[in-house]
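Residues take their numbers from the sequence shown, with the count starting at 1.
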Amino acid sequence: MDLLGAFHVLSLQAATGDEAIYVANLQLLAGKFLQADCNEVLQEWSSFKQQLIVGPFKDLDQQQVMQELASEVGEWGLLYPSLSKLAAIGLTIPVSSVNYERDFSTLNQVKTDLRNRLQREHLATCMRLSINGPPTRDFPFRRALELFFKTHRKIKCSQAGCQLCHHH
């Protein structure tokens, strides 16, 4: 929780607050995520906090500040490379376990007793499809079977006279 709270340093409140707190937060973040010298981060911060107080960031909330700072198209990443990296990291850290719980639930649906031998790559593909779609109701099952049976297969469907697998 201390680590997540340390990202508060990239907000207007930190720029106008107690200097000892933001220095401690920057030291914590730099020590955990950056290979840069902490003094470089503090130098960037002393310049950047002016942008927060009177510059273009003064009317933005913390998330907007971090998005601007982490953006690859803006100039802020060039001006403040260490703070830009910290902002990008802060934006990717999940603040709850909902995503993990949903992923494990999906894993239990995909890797059933019948599919317990799925290899890592195939399992990952099945998981991505299950999580990101397309929805099953929109999936072109017939087209998928046609593509599957275009190559010669030892496996045939059980339906005699099937036009897809050419079972006679």
Considering residues at least two apart in sequence or located in another chain, which fulfil the side-chain hydrogen bond (donor to acceptor under 3.5 Å, both in side chains) criterion with Lys49?
Tyr22
Step-by-step side chain to side chain contact (heavy atoms under 4.5 Å, CB included) determination, Lys85 to Leu34:
CA-CA 8 Å; Lys85 286 179 189 172; Leu34 301 176; 3.8 Å; yes
Working to the nearest 0.5 Å, report the span between OG of Ser46 and CD of Glu44.
9.0 Å
Do Leu52 and Trp45 pass the side chain to side chain contact (heavy atoms under 4.5 Å, CB included) test, and can you show the C-alpha distance, the side-chain angles, and the key distance before you say yes or no?
CA-CA 10 Å; Leu52 285 170; Trp45 171 252; 3.6 Å; yes
Check: Asn108 main-chain N/O paired with Thr112 side-chain donor or acceptor under 3.5 Å
no
Heavy-atom neighbours of Glu19 CD exceed 12 at 6.0 Å:
no
Contact between Phe33 and Leu86 at the side-chain level, heavy atoms closer than 4.5 Å - yes or no?
yes
Contacts of type salt bridge (charged side-chain N to carboxylate O under 4.0 Å, His left out), residue Arg143, not counting sequence neighbours:
Glu146
Rounded to the nearest 0.5 Å, what separation is found between the CG atom of Leu29 and the NZ atom of Lys32?
11.0 Å
Given side chains that start at C-beta, do those of Ser105 and Arg102 come closer than 4.5 Å, heavy atoms only?
no
Partner set under side chain to side chain contact (heavy atoms under 4.5 Å, CB included) for Asn39, not counting sequence neighbours:
Asp37, Leu42
Distance-only donor-acceptor pairs under 3.5 Å for side chains of residues 60-69, two or more places apart:
from	atom 1	to	atom 2	distance (Å)
Asp61	OD1	Gln63	N	3.1
Asp61	OD1	Gln64	N	2.8
Gln62	NE2	Phe7	O	2.7
Gln64	OE1	Asp61	N	3.0

Residues clustered with Leu114, ILVMFWY side-chain links under 4.5 angstrom:
none
Nearest 0.5 Å please: distance from the SG atom of Cys126 over to the CZ atom of Arg115.
6.0 Å
Using side-chain heavy atoms (C-beta onward) and a distance below 4.5 Å, is Pro56 in contact with Trp76?
yes
Kindly write out the residues that satisfy side-chain hydrogen bond (donor to acceptor under 3.5 Å, both in side chains) with Ser47, not counting sequence neighbours, or none if the list is empty.
Tyr80
Answer yes if Leu79 and Val9 sit in the same cluster of Ile, Leu, Val, Met, Phe, Trp and Tyr residues linked by side chain heavy atoms under 4.5 Å apart, and no otherwise.
yes
Just jot down the side-chain hydrogen bond (donor to acceptor under 3.5 Å, both in side chains) partners of Gln27, sequence neighbours excluded, or say none.
none
With sequence neighbours left out, the residues meeting side-chain hydrogen bond (donor to acceptor under 3.5 Å, both in side chains) with Gln51 are none
d(Leu78 CG, Glu75 CD) to nearest 0.5 Å is 8.0 Å
Members sharing Met127's hydrophobic cluster (side chains within less than 4.5 Å):
Phe104, Leu107, Val110, Leu118, Leu123, Ile131
Give me the atom names and distance for the closest heavy-atom approach of Ala30 to Cys38.
CB-SG, 4.4 Å
Correct closest heavy-atom pair for Ser84 and Ala70 would be OG-CA, 3.9 Å
Minimum heavy-atom distance Asn25-Gly5, with the two atoms named:
ND2-O, 4.5 Å
Side chain to side chain contact (heavy atoms under 4.5 Å, CB included) filter on Asp18, not counting sequence neighbours, yields Ala20, Ile21
Using 0.5 Å steps for rounding, measure from the CZ atom of Arg117 to the NZ atom of Lys111.
11.0 Å
If you define the side chain from C-beta out and look only at heavy atoms, does anything of Leu26 sit under 4.5 Å from Leu83?
yes
Mind checking what makes ring-ring contact (aromatic ring centres under 6.0 Å, His included) contact with Phe139, not counting sequence neighbours?
Phe141
